[in-house]
Amino acid sequence: AQTVTQSQPEMSVQEAETVTLSCTYDTSESNYYLFWYKQPPSRQMILVIRQEAYKQQNATENRFSVNFQKAAKSFSLKISDSQLGDTAMYFCAGAGSYQLTFGKGTKLSVIP
Amino acid sequence: SQTIHQWPATLVQPVGSPLSLECTVEGTSNPNLYWYRQAAGRGLQLLFYSVGIGQISSEVPQNLSASRPQDRQFILSSKKLLLSDSGFYLCAWSGLNEQFFGPGTRLTVL
C-alpha cells in the first residue's frame, strides 16, 4: 500500500470486552497484502494477522479478526474478549513491492 | 524455524562516535532484509532494504549506511553519530510479503 492511515491515536477497552481498531489505505496495485502488527511495551513487533487482497473472506486468528472492505479501502482489526496482554501499540501495514508501509499506530490500553 | 537476532540490545554512544548494529537471520536463505528506525511513540521509518548480498537500497538521505556482507547478515553503520540518530532500530526479514522483526536495538546518542 502506498499510504496507510490510522485515525485513532489511542483507545481503551475493558477487559473481556471487544474493541475495533480502524485503518484505511490507498494503493494503485491490483494485488496486495495487509497486516496488523502488535508492539507491546517490550517493543518487539509481532505479526497479528494478515489479509490477502484477492481473498474475500476476512482473516481470523483466534480472538483477532479483520473486517476487510476492499472497495472502501478499509481494514479494521477486531479484538474479542480483550485481555490485559493485548495492551500494546497496533500498527496497520500494507505490502507493496519489497516494502511495507506502516500507519502511525494506535495505542490500545486494556483496563482491568 | 526462522529466527532473527539483533545486537546489541541497548547502546549509549557520544555524538561523533561510530556505530555498528548487526542483524542476522537463521533458518532461511536469500531473505529480503530491512532496517527501520522508530522514534519514541512514533511509527516505523524504513531506512534501508536489501534483496541480496551487496544490494542495498536507501529510502531516506541520512547519516547512516547499510551493508550486507553475507546472505543472512545485515549491518547498519555510521561514521559519526548525531543526536538525531537516537531511536529504536529494528531489523526485519521477509520471504514473500509479511515481515518478521528482530528484538530491536535502543540507541541513545548523548
Side-chain angles (χ1 to χ4, degrees), chain A residues 1-11 21 23 25 27 29-55 59 61 64 66 75 87-109, chain B residues 1-11 21 23 25 28 30-52 55-60 66 68 74 86-108:
Chain A
Q2 295 171 338
T3 61
V4 177
T5 302
Q6 294 179 251
S7 58
Q8 304 154 313
E10 293 191 38
M11 294 187 71
L21 309 182
C23 173
Y25 64 93
T27 181
E29 300 186 33
S30 57
N31 191 25
Y32 50 91
Y33 295 77
L34 296 166
F35 308 93
W36 279 97
Y37 283 86
K38 169 185 177 181
Q39 188 179 39
S42 66
R43 303 195 78 172
Q44 173 78 55
M45 289 287 285
I46 302 165
L47 177 64
V48 174
I49 199 165
R50 70 194 295 265
Q51 174 77 43
E52 298 169 68
Y54 66 87
K55 289 187 176 180
E61 288 288 341
F64 298 87
V66 299
F75 182 59
T87 292
M89 284 288 290
Y90 287 82
F91 293 95
C92 178
S97 175
Y98 295 124
Q99 298 181 28
L100 284 183
T101 301
F102 287 86
K104 293 185 177 181
T106 296
K107 183 178 182 180
L108 176 67
S109 298
Chain B
S1 63
Q2 300 87 1
T3 56
I4 179 168
H5 304 279
Q6 284 185 248
W7 63 88
T10 60
L11 191 60
L21 302 182
C23 170
V25 181
T28 186
N30 196 32
N32 294 335
L33 296 173
Y34 306 82
W35 278 112
Y36 292 88
R37 177 168 58 203
Q38 184 180 30
R42 306 282 294 277
L44 277 70
Q45 178 188 32
L46 178 63
L47 302 175
F48 301 95
Y49 71 92
S50 172
V51 299
Q55 301 179 64
I56 308 296
S57 295
S58 174
E59 288 300 298
V60 293
R68 185 170 177 174
F74 204 23
S86 292
F88 190 64
Y89 288 82
L90 285 158
C91 180
W93 74 273
S94 73
L96 292 175
N97 293 287
E98 60 263 42
Q99 293 183 13
F100 300 95
F101 290 81
T105 295
R106 187 184 306 274
L107 172 66
T108 303

- Message: Using heavy-atom distances under 4.5 Å, tell me whether A/Q39 contacts chain B through its side chain, its backbone, both, or neither.
- Response: side chain
- Is it the backbone or the side chain of B/Q38 that comes under 4.5 Å from a heavy atom of chain A, or both, or neither? both
- Note on the structure: Of all heavy-atom pairs linking A/F35 and B/E98, the shortest is CE2-CB, 3.2 Å
- Note: B/L90 and A/R43 closest approach over all heavy atoms is CD2-O, 4.3 Å
- Query: Considering only heavy atoms from C-beta outward, does the side chain of B/Q99 approach that of A/Y37 to under 4.5 Å?
  - Reply: yes
- Message: Tell me every residue that passes side-chain contact (heavy atoms from CB on, under 4.5 Å) with A/Q44, counting only those two or more places apart in sequence or in another chain.
- Response: A/S42, A/I46, B/F101, B/P103
- Highest number of heavy-atom pairs under 4.5 Å with chain B among A/M89, A/K104, A/R50 belongs to A/R50
